[in-house]
K.L.:
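What follows is a single structure, and I will ask about it in a moment.
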Amino acid sequence: MTDDLDYVAEGTRVGIRPYALTDAEEFTARSRESRDLHRPWLFPPDGADAYATYAGRLIEDPTKHGFLVCDRESGAIAGFININNVVQGGFRCGALGYGAFAHAAGRGLMSEGLALVVRHAFGPLGLHRLEINAQPANTASIALARRAGFRLEGFSPDFLFIDGAWRDHERWAITAEMAAAATGATSG
């Protein structure tokens, strides 16, 4: 088991930790290996310069929180979950984006990682609501949102510009109260 990683939260099989610029080689190699899994939904950086820009934003921008989902036994990066567009004040909301890497897909690691990110968002980050926007045909992404307790709230035509076109998305969300009710915890 790898004990030297600085996990923000740990589950049975995975830990989540912030991105580091030193993750470039592994992250980009995993992105290249996962191209068939990700397309046409997702385009994570697959080169060093693109990774440096991408990770730099997640590290430096206070409206973003990026987490690598890592296999606790090996320390290998299994996927990533980012909280983007964080708004504080009366809104206290963020939008989630995520992707599994091919070697870890279908093993439940992202489900465990997403549960850790949700707890961290509603705990230390002080958020009240998280949203996921997924293209209707992206059944794996929608299944992950559903397993994590997110509810379908609506449909947004031409919502995001992805792969050269404006794409429709389903809107999924969870609040701190919903997450607390699902786990039996109290919300803050």
K.L.:
Compile the donor-acceptor pairs under 3.5 Å between side chains in residues 125-134 and protein atoms, sequence neighbours left out, one pair per line.
P.N.:
| from | atom 1 | to | atom 2 | distance (Å) |
| --- | --- | --- | --- | --- |
| His128 | NE2 | Glu177 | OE1 | 2.7 |
| His128 | NE2 | Glu177 | OE2 | 3.3 |
| Arg129 | NE | Glu131 | OE2 | 2.9 |
| Arg129 | NH1 | Glu153 | OE2 | 3.4 |
| Arg129 | NH2 | Glu131 | OE2 | 3.4 |
| Arg129 | NH2 | Glu153 | OE1 | 2.3 |

K.L.:
Which pairs, with at least one residue in residues 48-69 and sequence neighbours excluded, count as a salt bridge (Lys or Arg N to Asp or Glu O under 4.0 Å)?
P.N.:
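The answer is none; no pair qualifies.
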K.L.:
Out of curiosity, Glu26 CD to Ser31 OG, how far, rounded to the nearest 0.5 Å?
P.N.:
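Glu26 CD to Ser31 OG: 10.0 Å, rounded to 0.5 Å.
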K.L.:
Within this structure, what is the CD1-CZ distance for the pair Ile142 and Arg147, rounded to the nearest 0.5 Å?
P.N.:
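Atom-to-atom, Ile142:CD1 and Arg147:CZ are 12.0 Å apart.
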K.L.:
For the side chain of Asp23 and the backbone of Ala20, is there at least one donor-acceptor N/O pair under 3.5 Å apart?
P.N.:
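Indeed, once roles are kept as given, a pair shorter than 3.5 Å links the two residues.
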K.L.:
Would a single hydrophobic cluster contain both Leu37 and Val69, if residues Ile, Leu, Val, Met, Phe, Trp and Tyr are joined by side-chain heavy-atom contacts under 4.5 Å?
P.N.:
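As far as the 4.5 Å side-chain criterion goes, Leu37 and Val69 are not connected within one cluster.
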K.L.:
With Gln88, which residues qualify under side-chain hydrogen bond (donor to acceptor under 3.5 Å, both in side chains), at least two apart?
P.N.:
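Gln88: no side-chain hydrogen bond (donor to acceptor under 3.5 Å, both in side chains) contacts found.
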K.L.:
With a 3.5 Å distance limit and no angle check, can you tell me whether Arg146 reaches the backbone of Gly149 through a side-chain donor-acceptor pair?
P.N.:
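Checking the backbone N and O of Gly149 against the side chain of Arg146, no donor-acceptor pair under 3.5 Å is found.
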K.L.:
Looking at every heavy atom in both Leu114 and Ala148, which two are closest together, and how far apart are they?
P.N.:
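Smallest interatomic distance, heavy atoms only, reads CD2-CB, 3.5 Å.
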K.L.:
Start with the C-alpha distance between Trp41 and Ile162, add both sets of side-chain angles, then the distance that settles side chain to side chain contact (heavy atoms under 4.5 Å, CB included), and finish with yes or no.
P.N.:
CA-CA 8 Å; Trp41 323 114; Ile162 299 173; over 6 Å; no
K.L.:
Do side-chain atoms of Asn82 reach the backbone of Asn84 as a donor and acceptor pair under 3.5 angstrom?
P.N.:
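No, Asn82 side chain to Asn84 backbone: no donor-acceptor pair under 3.5 Å.
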K.L.:
Ignoring hydrogens and angles, tell me if any N or O in the side chain of Asn85 forms a donor-acceptor pair with the backbone of Gly94 under 3.5 Å.
P.N.:
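Checked: no pair found.
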K.L.:
How close do Gly75 and Tyr7 get, counting heavy atoms only, and between which atoms?
P.N.:
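Heavy atoms of Gly75 and Tyr7 come nearest at CA-OH, 4.3 Å.
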K.L.:
Which atom pair, heavy atoms only, marks the closest approach of Val14 to Gly113?
P.N.:
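For Val14 and Gly113, the tightest heavy-atom pair comes out as CG2-N, 3.7 Å.
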K.L.:
Please list every donor-acceptor pair under 3.5 Å in which a side-chain atom of residues 96-106 meets a protein atom from a residue at least two apart or in another chain.
P.N.:
| from | atom 1 | to | atom 2 | distance (Å) |
| --- | --- | --- | --- | --- |
| Tyr98 | OH | Ser141 | O | 2.8 |
| Tyr98 | OH | Ser141 | OG | 3.0 |
| His103 | NE2 | Arg30 | NE | 3.4 |
| His103 | NE2 | Ile77 | O | 2.9 |

K.L.:
Check Val8 against His120 and note the closest heavy-atom contact, atom names and distance.
P.N.:
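Heavy atoms of Val8 and His120 come nearest at CG1-CE1, 2.9 Å.
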K.L.:
Can you name the closest pair of heavy atoms from Thr28 and Ala48 and give their distance?
P.N.:
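Minimum heavy-atom contact is CG2-N, 4.3 Å.
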K.L.:
Locate the shortest heavy-atom distance separating Cys70 from Arg17; write the atom from each residue and the value.
P.N.:
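Nearest pair, atom of Cys70 first, then Arg17: SG-NE, 3.5 Å.
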K.L.:
Indicate if Phe150 and Ile83 have the same hydrophobic cluster label, given that clusters are the connected sets of ILVMFWY residues with side-chain heavy-atom separations under 4.5 angstrom.
P.N.:
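Yes, because Phe150 and Ile83 connect within a single hydrophobic cluster, where side-chain heavy atoms sit under 4.5 Å apart.
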K.L.:
More than 12 foreign heavy atoms under 6.0 Å from CG of Asp36: is that the case here?
P.N.:
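Atom CG in Asp36 is not crowded, with 12 or fewer foreign heavy atoms closer than 6.0 Å.
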K.L.:
Quick check: is Met110 connected to Leu42 through a chain of hydrophobic side chains (ILVMFWY, heavy atoms under 4.5 Å apart)?
P.N.:
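No, it is not one cluster - the side chains of Leu42 and Met110 are not joined through contacts under 4.5 Å.
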K.L.:
Applying side chain to side chain contact (heavy atoms under 4.5 Å, CB included), name anything that partners Ala55, two or more places apart in sequence or on another chain.
P.N.:
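Here the qualifying residues are Tyr19, Leu21, Tyr51, Ile59.
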K.L.:
If you round to the nearest 0.5 Å, how far is CD of Glu33 from NE2 of His38?
P.N.:
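Output value for this atom pair is 10.5 Å.
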K.L.:
Where the side chain of Arg107 meets the backbone of Ala78, is there a donor-acceptor pair that is under 3.5 Å apart?
P.N.:
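Here the side-chain-to-backbone pair does not exist.
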K.L.:
Starting from Val118, can I reach Leu152 by hopping between I/L/V/M/F/W/Y residues whose side chains sit under 4.5 Å apart?
P.N.:
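Yes, same cluster.
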K.L.:
Within the distance-only criterion (no hydrogens, no angle test), does the side chain of Thr175 pair as donor or acceptor with the backbone N or O of Met178 below 3.5 angstrom?
P.N.:
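Such a contact is found between Thr175 side chain and Met178 backbone.
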K.L.:
Could you check whether any side-chain heavy atom of Leu68 comes within less than 4.5 Å of a side-chain heavy atom of Phe27, counting everything from C-beta outward?
P.N.:
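Of all side-chain heavy-atom pairs linking Phe27 with Leu68, at least one is under 4.5 Å.
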K.L.:
Are Ile81 and Tyr54 linked, directly or through intermediate hydrophobic residues, by side-chain heavy-atom contacts shorter than 4.5 Å (ILVMFWY only)?
P.N.:
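No, Tyr54 does not connect to Ile81 through the hydrophobic network.
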K.L.:
Any chance you could measure Glu112, atom CD, to Glu10, atom CD, to the nearest 0.5 Å?
P.N.:
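The CD atom of Glu112 sits 10.0 Å away from the CD atom of Glu10.
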K.L.:
What verdict does the side chain to side chain contact (heavy atoms under 4.5 Å, CB included) test give for Phe80 and Leu58, after you've listed the backbone C-alpha separation in whole Å, the side-chain angles of each residue and the deciding distance to 0.1 Å?
P.N.:
CA-CA 12 Å; Phe80 54 94; Leu58 290 164; over 6 Å; no
K.L.:
Using the side-chain hydrogen bond (donor to acceptor under 3.5 Å, both in side chains) criterion, which residues pair with Glu170? Sequence neighbours excluded.
P.N.:
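Expected list: Trp172.
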